[in-house]
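This report concerns only the one structure given below.
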Amino acid sequence: MHLLSRPRRNRKSETIRTLLQEVQLSPSDIVAPFYLLSGKGRKEEIISMPGIFKLSVDLIAKEAEKLHKKGVQAICLFPVTDSSHKDFYGTEAMNDSGLIPSAIRFLKKEVPSLAVISDVALDPYTTHGHDGIPDADGYVNNDKSLRMLKAQALSQARAGVDIVAPSDMMDGRVLAIRKALDKEGFTQVSILSYAAKYTSPALYSPFRSALSSTPSYGDKKSYQLSPSNAKEAYIECSQDENEGADMLLVKPGLPYLDILYRIKQSTSLPVGAFHVSGEYSMVMAAHDKGFFDAKGAFDEALTAFKRAGADFIFSYSYNFL
Ligand code: PBG
């Protein structure tokens, strides 16, 4: 039969399909997040994230080196802070010999060519679990928080971090951090801004239980974006770009592919996606129940991020690479 177009011709064999593939997923697209424990030789299970463990830095270095050999270029670190080191102001975040700066030094010595990304936000260090410093009425005070965040970024830079990643969603933090870094001579430390970070108590929940950082009161709606709003993401991203961000991030992942796509169209900066803890856990829960195979679900999700425009993807699925 004569048909003017037979689109299936472009899918007729593996060879043709491979030739015409629009996006290619590679390990170098992945940023692997790690939950950091103090001490040595320590490994603790995270019940809500099957297959992911909290690790001390020596074990993270071993895992990271394996991933690096497979092509992963960057990891990011989140600290499991002992409750005895938490306080109202998150003072531990600025401790030059704290968990994160020490781990950065160790990793840059052990695996120098692997990029280390450190999170800038106070929630793993505060008794209340908020990303900044609350006023008496509980509202997180923007400008007081900036002072702490600057100091936190500086202590990570002094330890030799490659990229600082503010995830706190305070106004003006990219500029504050850029100025503080440049003033101390850290002009080569990059800023990856979690610019479009949506409030997602459900999907961030496994992360928060791993770090014991669930807010002790209220929620994060006065600083993280509302899932109903797309336009605010443009404001956040263009502001962070103007303040000197080197890269932007959209988070969570799959529910915000539309935001990722739109932001990618509106900026020339590299844009990343964060396939967050709850998204990982959903897949693993279905996998463990035998509903579907995790590897296939992760490959499809990561490919979707690439198709939507992601230049890099934070994902806990690195054990499936
Ligand atoms: C907080 C922060 C969160 C995540 C990264 N940084 C959680 C939150 O905002 O409460 C979540 C990451 C994940 O769920 O994988 N600064």
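We count ligands from 1, going down the list as the structure has it; atoms in each ligand are counted the same way. Only heavy atoms go into these numbers, but all of them, side chains included; no hydrogens, no water, no symmetry mates. Because the structure is a prediction, the values reported are computed rather than measured.
- Contact atoms of ligand 1 toward Lys251: 2 (C), 3 (C), 4 (C), 5 (C), 6 (N), 11 (C), 12 (C) (distance under 4.0 Å to a heavy atom of the residue).
- Under the 6.0 Å cut-off for aromatic ring centres, Phe207 and Phe78 qualify, their centroids lying closer than that.
- Ligand 1 lies nowhere less than 4.0 angstrom from a heavy atom belonging to Tyr280.
- Under 3.5 Å, the side chains of Ser167 and Asp119 contain a donor-acceptor pair of N or O atoms.
- Shown in contact with Ala121 at under 4.0 Å from a heavy atom are these atoms of ligand 1, numbered in order with element: 16 (N).
- The protein non-hydrogen atom at the shortest distance from atom 2 (C) of ligand 1 is Lys197 NZ, 3.0 Å.
- Side-chain contact check for Ser5 and Arg9: no donor-acceptor pair (N or O, by modelled atom type) lies under 3.5 Å.
- A donor and an acceptor atom, one from each side chain of Thr267 and Glu241, are located under 3.5 Å apart.
- In terms of protein heavy-atom proximity, atom 8 (C) of ligand 1 is nearest to Lys220 NZ, 3.3 Å.
- Atoms of ligand 1 found under 4.0 Å from any heavy atom of Val276 (numbered from 1 in listed order, with element): 13 (C), 14 (O), 15 (O).
- For Phe53 and Tyr35, the ring centers are positioned 6.0 Å apart or more.
- Closest to atom 15 (O) of ligand 1 among all protein heavy atoms lies Tyr316 OH, 2.6 Å.
- Between His275 and Phe305, the gap from one ring centroid to the other is short of 6.0 Å.
- Near Asp131, the atoms of ligand 1 lying under 4.0 angstrom from a non-hydrogen atom of the residue are 1 (C), 16 (N).
- In this model, a donor atom of one side chain and an acceptor atom of the other lie less than 3.5 Å apart for Asn229 and Glu232.
- Near Asp123, meaning under 4.0 Å from one of its heavy atoms, ligand 1 places the atoms 1 (C), 2 (C), 16 (N).
- When only interatomic distances are considered, the shortest N/O to N/O separation between Tyr204 and ligand 1 does not fall below 3.5 Å.
- Remark: distances from the non-hydrogen atoms of Phe314 to ligand 1 are all 4.0 Å or more.
- The two residues Ser226 and Tyr198 make their nearest non-hydrogen contact at O-CE2, 3.1 Å.
- In summary, the atoms of ligand 1 found under 4.0 Å from a heavy atom of Gln224, numbered by their order in the structure, are 8 (C), 9 (O).
- For atom 16 (N) of ligand 1, the closest non-hydrogen atom of the protein is Ser167 OG, 2.8 Å.
- The protein heavy-atom contact nearest to atom 14 (O) of ligand 1 is Ser277 OG, 2.7 Å.
- When only modelled atom types and interatomic distance are considered, Ser113 and His68 share a side-chain donor-acceptor pair under 3.5 Å.
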